[in-house]
Amino acid sequence: MSSPRKSLSGKIGPSILNSDLSNLASECQRMLDSGADYLHLDVMDGHFVPNLTFGHPIVKCLRPKMPNAMFEMHMMVEPAERWIEDMAASGANMYTFHYEATQDVPGCVRKIKEAGMKAGISIKPGTKVEVLDPFIDLVDTVLIMTVEPGFGGQKFMADMMPKIEYLREHFSDLDIGVDGGVSLDTIQMCANAGANMIVSGSALMKSDNPREVMQTLRNTVEDSIQKSQLER
Ligand SMILES: O=C(CO)[C@@H](O)[C@H](O)COP(=O)(O)O
Ligand SMILES: [Fe+2]
């Protein structure tokens, strides 16, 4: 018996990397109040990427202030497995690790699930998308990087769109995320390619009206999903 079809929806996850980190909780709350579906929290270890951000102690402090928020942890750390238990204990909902940062993808996913979180897998711009084929059934989402991980505010790499197109063509129900330089100028490309989980940092943080930007990003994705479903 085939499993029931999952219906895709457009979701917006603000990245708070380029926000005022001295006011992290209020910046997160501002994004939630503006209609964010989840928060994309970028964890960098100064080793896998050439930058440092924050770790599970911060997540633990944020959690009680926003008990119902969905925290997706973008773990730019090596080894990828290192912080699974601590992040789960601190209140993270999803642990998105990098393919390039582990020797054992299935083992890493198993530990994430055993810790009670959803699992996401991400690839850097230089990694071929086909390497993910054996692992798609194991994970909840795939996150395609459209900048070199490490910094917010970089230029969107349009040449990553074929990776998203490949995934959407082969895995029609998969939640596909895109991260890096996503803005009102680049969302149409992401939506056309088939991304449905939209991470956006600077474009939201710099906007005077993040609610309107989120709504436009979401509508663009939803329109594209509807169109592709009509074409099926
Ligand atoms: O993971 C990363 C960068 O490594 C991202 O989440 C970005 O920080 C998103 O910010 P913008 O590129 O949208 O400014
Ligand atoms: Fe990120």
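Read the numbers this way: they start at 1 and go in the same order the structure lists the ligands and their atoms.
- There is no path of hydrophobic side-chain contacts, each under 4.5 Å, that joins Leu143 to Ile187.
- Put simply, Met117 and Met76 are part of two different groups of oily side chains (I, L, V, M, F, W, Y) that touch within less than 4.5 Å, one to the next.
- Protein nitrogen, oxygen and sulfur atoms, that is N, O or S, within less than 2.8 Å of the Fe ion (ligand 2) amount to 4.
- Surrounding NZ of Lys113 are more than 12 heavy atoms belonging to other residues, nucleotides or ligands, all under 6.0 Å away.
- Shown here are the ring-ring contact (aromatic ring centres under 6.0 Å, His included) partners of Tyr38, two or more places apart in sequence or in another chain: there are none.
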Give every pair formed by an N or O atom of ligand 1 and a protein N or O atom closer than 3.5 Å, one pair per line with both atom names and the distance to 0.1 Å, or write none.
| unit_1 | atom_1 | unit_2 | atom_2 | d |
| --- | --- | --- | --- | --- |
| ligand 1 | 1 (O) | Asp42 | OD1 | 2.9 |
| ligand 1 | 1 (O) | His74 | ND1 | 3.1 |
| ligand 1 | 1 (O) | Asp179 | OD2 | 3.0 |
| ligand 1 | 4 (O) | Gly150 | N | 2.8 |
| ligand 1 | 6 (O) | His40 | NE2 | 3.3 |
| ligand 1 | 6 (O) | Asp42 | OD1 | 3.0 |
| ligand 1 | 6 (O) | Asp42 | OD2 | 3.0 |
| ligand 1 | 6 (O) | Asp179 | OD1 | 2.7 |
| ligand 1 | 6 (O) | Asp179 | OD2 | 3.0 |
| ligand 1 | 12 (O) | Gly181 | N | 2.8 |
| ligand 1 | 13 (O) | Gly201 | N | 2.8 |
| ligand 1 | 14 (O) | Gly153 | N | 2.8 |
| ligand 1 | 14 (O) | Ser202 | N | 3.0 |
| ligand 1 | 14 (O) | Ser202 | OG | 2.3 |

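- A continuous path of Ile, Leu, Val, Met, Phe, Trp and Tyr side chains, each step under 4.5 Å between heavy atoms, connects Phe135 with Ile84, placing both in one hydrophobic cluster.
- Salt bridge present: Asp37 and Arg218 bring a charged side-chain N and a carboxylate O closer than 4.0 Å.
- The existence of a salt bridge linking Glu27 and Arg30 is confirmed by a sub-4.0 Å separation between a basic side-chain nitrogen and an acidic carboxylate oxygen.
- Taking OG1 of Thr146 as the start and NZ of Lys163 as the end, the distance is 9.5 Å to the nearest 0.5 Å.
- For His98, the ring-ring contact (aromatic ring centres under 6.0 Å, His included) criterion is met by Phe48, His74, not counting sequence neighbours.
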